[in-house]
Amino acid sequence: MSIQPARTRFAPSPTGHLHLGGARTALYAYLLAKKTGGQFILRIEDTDLKRTVSGAEQEIMDGLHWLGLNYDEGPDIGGPHGPYRQTERREIYQTHAKTLVDNGHAYPCFCTPERLEKVRQEQMKNKENPHYDGTCRNLEPDEAAKRIASGEAYTIRFKMPHDGVTVAQDHLRGDITIENKQLNDQVILKTDGLPTYHLAAMVDDHEMKITHVMRGSEWLGTFPLHVNIVRAFGWDEPTWVHLSVFLKPSGKGKMSKREAADAMKDGYSIFVKDMQDLGFTPEGVLNWCGLMGWGVAEDDVMTVEQMLDRFTIDSLTPSPAAINFQKLDHFNATHIRLLTTEDLAARLKPYFTREGLNVNDDVLLKIIPLIRERLTTLDDCISFGAFFFKDEVSPVSDELIAKGLDAKQSAEIARKAYEILAAQPDVSHERCEPPFREYVEASGFNAGQVFGVLRVAVTGQKVSPPLFESMEIIGRDVCLKRIQNAIAILEKM
RNA sequence: GCCCCCAUCGUCUAGUGGACUAGGACGCGGCCCUUUCAAGGCCACGACCGGGGUUCGAAUCCCCGUGGGGGCACCA
C-alpha cells in the first residue's frame with residue numbers, strides 16, 4: 001500500500017513560551033510528515049499585534065531545533081509557499097475575504113467594539129447566549145460600499161447559515177454535529193486589515209497545501225465554523241486531527257501559571273526553553289510528551305526513529321492527559337543510558353563547566369561508565385562527578401565517621417587506608433580492592449565502615465560512583481592527599 | 001447559562017462483541033544483587049464511572065445519568 005506524502009504544519013502564535021503541548025503537537029506533525037515522506041512546516045501566526053511578544057518567535061524556532069524537530073519550510077528558511085509569517089501575508093487574506101464578500105459568504109460590519117460589548121451585556125442580562133446580533137448582516141451592498149468609501153472602520157464577518165446543522169469530521173472523534181444557529185457570524189478580517197485565526201489558518205492551510213491539520217482540541221468549538229469557511233471557498237478539506245489537551249498533574253484543569261511555577265520549584269518545567277538547563281534531553285522530553293495522548297501497547301521507550309516506525313494518527317487518543325513529571329524523569333534517565341559514551345560526554349561537559357569546573361576530556365570519558373546509570377537528569381553529573389575535577393574535596397567531618405564508630409576509630413581506618421594505598425604500585429581497582437578486603441577481614445570493622453570512611457575521604461561525599469574505580473581515575477597521589485586531609489580532620493575532632 | 005468533546009489501575013495507556021483470570025509503562029511496596037547511590041532481575045498491590053437496554057455473550061454497541069475537559073472575542 002502506498003501512502004500519500006503528508007504536508008503538516010506547526011502554527012504557533014509568538015505570544016509566549018513554547019510549551020509542552022506545543023512541542024507535542026509539533027512532534028506529531030513532524031512524525032506524520034516524515035513517516036509519509038512529506039514536509040513539516042513552521043508557520044508563525046502573528047496576526048494579533050497586541051499579543052505578540054518579541055523574542056517569542058525565535059524561542060519557538062530554537063525550541064524546535066533543540067528538540068530536533070527541524071522543519072522543511074519556515075519563516076527563517078523560506079519555502080515554495082511563503083511567506084510563513086502571517087503578518088507578511090496580509091494581502092492574501094484581504095483578497096480571500098473579498099472573495100467571500102463577493103460570493104455572499106461574508107459581509108462588512110461597522111459595529112464598534114463598544115456597541116458589541118453593550119449588546120453582549122444586554123444578552124447576558126436577559127440570560128441569552130452572547131452572540132453577534134446581526135445588525136450589519138443584511139446591510140444593502142450599496143450602503144456598505146458608501147460607508148467604506150467614507151472611511152468608516154469596518155470588519156468582515158463570515159455569514160453562518162441560520163438553519164440546519166454542520167457536520168464536521170474529526171479524525172479521532174468522528175462526526176461532530178452542531179446546529180448552525182449555535183454558531184456566530186465571526187469576524188474574519190479585523191479593522192486593522194489583518195485576519196483573525198479563522199480566516200488566516202484556513203487560507204494558509206489551503207495555500208500551503210496542508211493535508212493534515214493537527215491542532216489542540218481547544219479548536220473543537222470553532223471547528224464547524226472553520227469547516228464552513230473552507231467549504232465556502234469550495235476547497236477540499238484536510239484531515240482534521242484535534243489533539244487532547246494536557247491537564248495539570250492533579251488531572252483537574254489545564255496547566256496554569258501557578259502550576260508552571262510549582263513545577264519549576266520541583267525542578268521541572270512546562271516550557272521547552274527550560275528543559276536543557278534542567279538537565280533534560282530532547283529524546284527524553286519527546287518520548288515523554290509524545291506518549292501523552294498516543295497509545296503504544298508495549299516497549300514505550302522510543303527514539304524519534306522508533307516513533308517514526310510506529311506512529312499513526314489512528315493511535316492517537318482523544319481524551320485529556322494529566323502531566324506526570326515523574327515519568328519525564330524515567331524517560332530522561334532511560335535515554336541518557338542509551339547514549340554513547342562520547343555523546344553523553346559532550347552533553348555533560350557544559351554542566352560541569354557551568355559549575356566552574358575545569359574538565360579534562362580524558363577523565364570525562366572515563367567517568368561516563370561510572371555515572372551513566374546514576375543520572376536522572378544531565379545536571380546530576382555534578383553531584384556524582386564534580387569531585388573528579390576538583391583539586392581538593394572538603395568532606396564534612398561528621399560524615400567521615402563511619403557508622404557505629406567514633407572519630408578515633410575512623411581515623412585509624414583512614415591511616416590504614418593510606419598505608420595500604422601507599423604500598424600499591426598503581427591504583428587500578430583490580431589491584432587495590434583485595435588488600436582492602438583483607439584489611440576488612442583482619443580489622444574486625446565491616447566493609448561498610450571501611451569503605452565508608454575511604455569514600456568520604458576520597459570523594460568528599462557519602463554517595464558516589466563505585467569507590468575503587470573512582471580512585472583509579474582520580475589517581476594515587478591525589479587519593480593519598482585527600483586521605484591525609486581526612487586524617488587531619490578526624491584527629492582534630 | 002448555552003454548545004461541543006471525553007470517560008479502563010494513582011498517572012500515561014493496550015483493548016474495536018467471545019482469545020480478558022482486562023495487558024504494558026511510570027509511581028508505590030517487597031525481595032535478590034550490593035562498600036554508598038543507582039542500574040538490573042524477580043514478585044506484589046492496583047482499573048473497565050453509575051443505571052438501563054441490545055445480544056447466546058459487552059470494557060467494547062445504544063440511551064439516560066454522573067464526573068471531567070474545552071469553547072461561547074476585532075485572542076489564538
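Note that the structure is predicted; figures quoted are calculated from it, not measured. Within every chain, numbering begins at 1; the chains are lettered A, B, ... in the order of the sequence lines, protein sequences first and strands thereafter.
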Once you apply the 3.5 Å cut-off to both distances, tell me the Watson-Crick or G-U wobble partner of [N], or none.
{"N": "B/C72", "result": "B/G1"}
{"N": "B/A7", "result": "B/U66"}
{"N": "B/G18", "result": "B/C56"}
{"N": "B/A44", "result": "none"}
{"N": "B/C28", "result": "none"}

Which nucleotide in the set [options] lies at the smallest distance from any side-chain heavy atom of [X]?
{"X": "A/Glu373", "options": "B/A38, B/U13, B/U11", "result": "B/A38"}
{"X": "A/Arg173", "options": "B/C5, B/C2, B/A38", "result": "B/C5"}
{"X": "A/Lys252", "options": "B/C12, B/C5, B/G69", "result": "B/G69"}

Which side-chain N or O atoms in residues 393-400 of chain A pair as donor and acceptor under 3.5 Å with protein atoms at least two apart or in another chain?
none

Mind checking if [X] touches a base, just sugar-phosphate, or nothing, with heavy atoms under 4.0 Å?
{"X": "A/Gly295", "answer": "sugar-phosphate"}
{"X": "A/Gly293", "answer": "sugar-phosphate"}
{"X": "A/Pro465", "answer": "base"}
{"X": "A/Arg437", "answer": "base"}
{"X": "A/Ser244", "answer": "nothing"}
{"X": "A/Ser464", "answer": "base"}
{"X": "A/Ile176", "answer": "sugar-phosphate"}

Could you pull out the protein-nucleic contacts involving nucleotides 74-76 of chain B (nitrogen or oxygen on both sides, under 3.5 Å)?
from, atom 1, to, atom 2, distance (Å)
B/C74, O2, A/Thr191, N, 2.9
B/C74, O2, A/Thr191, OG1, 2.8
B/C74, N3, A/Thr191, OG1, 3.4
B/C74, N4, A/Cys111, O, 3.0
B/C75, OP2, A/Lys190, NZ, 3.4
B/C75, O2', A/Asp48, OD2, 2.8
B/C75, O2', A/Arg51, NE, 3.1
B/C75, O2', A/Arg51, NH2, 3.2
B/A76, OP1, A/Thr47, OG1, 2.7
B/A76, OP1, A/Lys190, NZ, 3.2
B/A76, OP2, A/Tyr197, N, 3.1
B/A76, O4', A/Arg51, NH2, 3.4
B/A76, O3', A/Ser13, OG, 2.6
B/A76, O3', A/Glu45, OE1, 3.3
B/A76, O2', A/Ser13, OG, 2.6

Rounded distance in Å between the [atom1] positions of [N] and [M]:
{"N": "B/C43", "M": "B/U36", "atom1": "P", "value": "25 Å"}
{"N": "B/A59", "M": "B/U21", "atom1": "P", "value": "10 Å"}
{"N": "B/U13", "M": "B/G46", "atom1": "P", "value": "23 Å"}
{"N": "B/A44", "M": "B/C9", "atom1": "C1'", "value": "14 Å"}

| For A/Ala260 and A/Met255, which heavy atoms make the closest approach, and how far apart are they? |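 Answer, listing the atom of A/Ala260 first, then A/Met255: N-CE, 4.1 Å.
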
| query | If you look at every heavy atom in A/Cys381 and A/Tyr351, which pair is closest and at what distance? | reply |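 Nearest heavy atoms, A/Cys381 then A/Tyr351: SG-CB, 3.8 Å.
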
| Are any non-hydrogen side-chain atoms of A/Glu207 and A/His96 less than 4.5 angstrom apart? |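 Answer yes - side chains close enough.
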
| request: Take nucleotides 17-31 of chain B nucleotide by nucleotide from the 5' end and write B, S or -, depending on whether a protein heavy atom sits under 4.0 Å from the base, only from the sugar-phosphate, or from neither. | output: ------BSBSS----

| task | Would you indicate, yes or no, if B/U36 has its OP1 or OP2 atom less than 4.0 angstrom from a side-chain nitrogen or oxygen of A/Arg374? | result | no

| field | Polar side chain donor-acceptor pair, A/Asp329 to A/Thr376, under 3.5 angstrom | value |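 No donor-acceptor contact under 3.5 Å links the two side chains.
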
| said: More than 12 heavy atoms of other residues, nucleotides or ligands under 6.0 Å from CZ of A/Phe325: yes or no? | reply: yes

